[in-house]
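Notes for the one structure printed next.
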There are 2 protein chains.
Amino acid sequence: MESSATNFRELCQQHGIAVTHQRQVLFEIMQGMHGHPSPEEVYARVKKKIPAISLATVYKNIHLFVESGIFREVSMHHGTLRVEMNSRPHHHMVCSMCKSISDIDEADLGLLPSHQKLPGGFLVERYAVDVIGICPDCQAKKSN
Amino acid sequence: MESSATNFRELCQQHGIAVTHQRQVLFEIMQGMHGHPSPEEVYARVKKKIPAISLATVYKNIHLFVESGIFREVSMHHGTLRVEMNSRPHHHMVCSMCKSISDIDEADLGLLPSHQKLPGGFLVERYAVDVIGICPDCQAKKSN
DNA sequence: TAGTAAACGATAATTCTTATCGTCTGTCAA
DNA sequence: TTGACAGACGATAAGAATTATCGTTTACTA
Ligand SMILES: [Mn+2]
Ligand SMILES: [Mn+2]
Ligand SMILES: [Zn+2]
Ligand SMILES: [Zn+2]
């Protein structure tokens with residue numbers, strides 16, 4: 001099949017990035033993975049195909065793919081430890097541009113059905129909702 | 001006022017931890033903070049009261065407070081970068097014991113009202129729901 | 001008030017991620 | 001096709017966040 005190769009080439013053209021061997025192998029291997037792999041896990045797999053590849057290249061390309069919208073990262077806020085100081089039931093609005101996090105009261109969001117058990121047998125304690133979007137500040141900046 | 005001091009003493013007794021000066025000042029300062037402070041931000045404030053305090057002590061006590069349920073961390077998965085490999089609309093079940101993350105289809109979760117704009121003017125792009133609870137494996141381990 | 005477990009401060013170590021830099025390669029126009 | 005050049009690569013140093021180590025001090029209990 002060369003359909004995926006052709007697709008990747010087109011994908012790169014759409015996003016204005018060069019089609020390199022490393023980038024293509026990385027993309028194909030990532031497409032074949034499941035779950036929520038870390039850069040190290042991706043690196044381990046790619047090294048089997050390209051033993052000389054650098055971990056830095058893996059990081060750089062994962063970021064590139066995420067910025068291009070080809071892949072998505074699991075959490076918008078995987079950075080540093082943050083402590084929650086709002087003891088009221090609330091959720092979070094996360095700006096996809098500036099990454100700012102602000103609170104929104106549970107009541108202001110139209111509530112979730114609070115199942116006790118989900119399919120699979122997972123026992124629910126609570127819901128934590130990230131509303132991802134554009135904060136007012138970034139909306140203003142964008143419309144310039 | 002010594003009411004808060006008394007309360008903190010009781011709180012410590014409930015959780016079986018010693019009442020130290022550092023721990024008490026840390027607690028009181030954290031209670032007075034808003035938003036989602038980082039350990040460094042907490043450290044900066046506590047140092048004004050206890051200049052000799054160590055950053056390690058701040059970290060150790062924040063973790064202690066979180067384990068005891070006195071405070072909560074903003075994100076269950078703030079650790080390392082993870083890439084999402086499931087392109088279907090879905091959310092996540094996060095186990096509060098083993099921290100494992102598994103997917104749950106949007107349809108299997110009773111959907112959210114998809115407002116376009118929230119109070120405050122935040123423009124919604126999508127929702128990311130963490131269902132926090134106990135995974136089947138940990139339920140089995142717990143009931144021993 | 002003494003004995004002991006826990007907590008503290010200083011700081012080394014670890015982990016994850018990004019920056020730097022010299023070399024190499026893909027793109028594009030001639 | 002063939003250069004010129006921007007961009008990508010690999011190696012590795014640097015940086016940021018967090019945790020571990022360890023000798024000293026402190027809080028709890030009897
Ligand atoms: Mn919050
Ligand atoms: Mn997922
Ligand atoms: Zn913003
Ligand atoms: Zn679990």
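The sequence lines fix the lettering, A, B, ..., with proteins before strands; numbering per chain opens at 1. Atoms considered below: every heavy atom in the structure, side chains included; atoms not considered: hydrogens, waters and symmetry mates.
A sub-4.0 Å separation between OP1 or OP2 of C:dT18 and a side-chain N or O of A:Y59 is absent. Residue A:R23 places no side-chain N or O under 4.0 Å from the OP1 or OP2 atom of D:dG7.
Remark: B:E40 pairs with no residue by the side-chain hydrogen bond (donor to acceptor under 3.5 Å, both in side chains) rule, at least two apart or across chains. With sequence neighbours left out, the side chain to side chain contact (heavy atoms under 4.5 Å, CB included) criterion links A:N86 to A:E84, A:R88, A:H90, A:D103.
A donor-acceptor contact shorter than 3.5 Å is absent between the side chain of A:S68 and the backbone of A:I70.
Rounded to whole Å, atom P of C:dA12 lies 15 Å from atom CG of B:L55. The distance between atom CG of A:L81 and atom P of D:dT19, rounded to the nearest whole Å, is 8 Å. Here the P atom of nucleotide C:dA10 and the CD1 atom of B:I50 are 12 Å apart, to the nearest Å. Rounded to whole angstrom, the span from the NE2 atom of B:H63 across to the C1' atom of C:dC8 amounts to 17 Å. The distance from atom CD1 of B:I62 to atom P of D:dT18 is 9 Å, rounded to the nearest whole Å. One can place OH of A:Y43 at 16 Å from P of C:dT15, the figure rounded to the nearest angstrom. When the C1' atom of C:dC8 is taken as reference, atom NZ of B:K47 falls 16 Å away, rounded to whole Å. Rounded to an integer number of Å, the gap from CD of A:E73 to P of C:dT17 is 10 Å.
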Pairs under 3.5 angstrom, nitrogen or oxygen only, protein versus nucleotides 21-30 of chain D, please.
{"residue": "D:dC28", "atom": "OP1", "partner": "B:V19", "partner atom": "N", "Å": "2.9"}

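Positionally, the nearest nucleotide of DNA chain C for B:N61 lies more toward the 5' end than for the other of B:G79 and B:N61. Comparing A:E40 and B:I53 along DNA chain C, the residue whose closest nucleotide (by nearest heavy atom) sits nearer the 5' end is B:I53.
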A:E10 and A:Q14: side-chain hydrogen bond (donor to acceptor under 3.5 Å, both in side chains), yes or no, with the steps? CA-CA 6 Å; A:E10 286 167 5; A:Q14 283 168 23; 5.3 Å; no
The test is side chain to side chain contact (heavy atoms under 4.5 Å, CB included); show your working for A:F71 and A:Q31 and say whether it passes. CA-CA 9 Å; A:F71 291 111; A:Q31 272 201 320; 4.2 Å; yes
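Residues B:H36 and A:H92 bring a donor and an acceptor atom of their side chains to less than 3.5 Å of each other.
Counting heavy atoms of neighbouring residues, nucleotides and ligands inside a 6.0 Å radius, atom NZ of A:K99 exceeds 12 of them.
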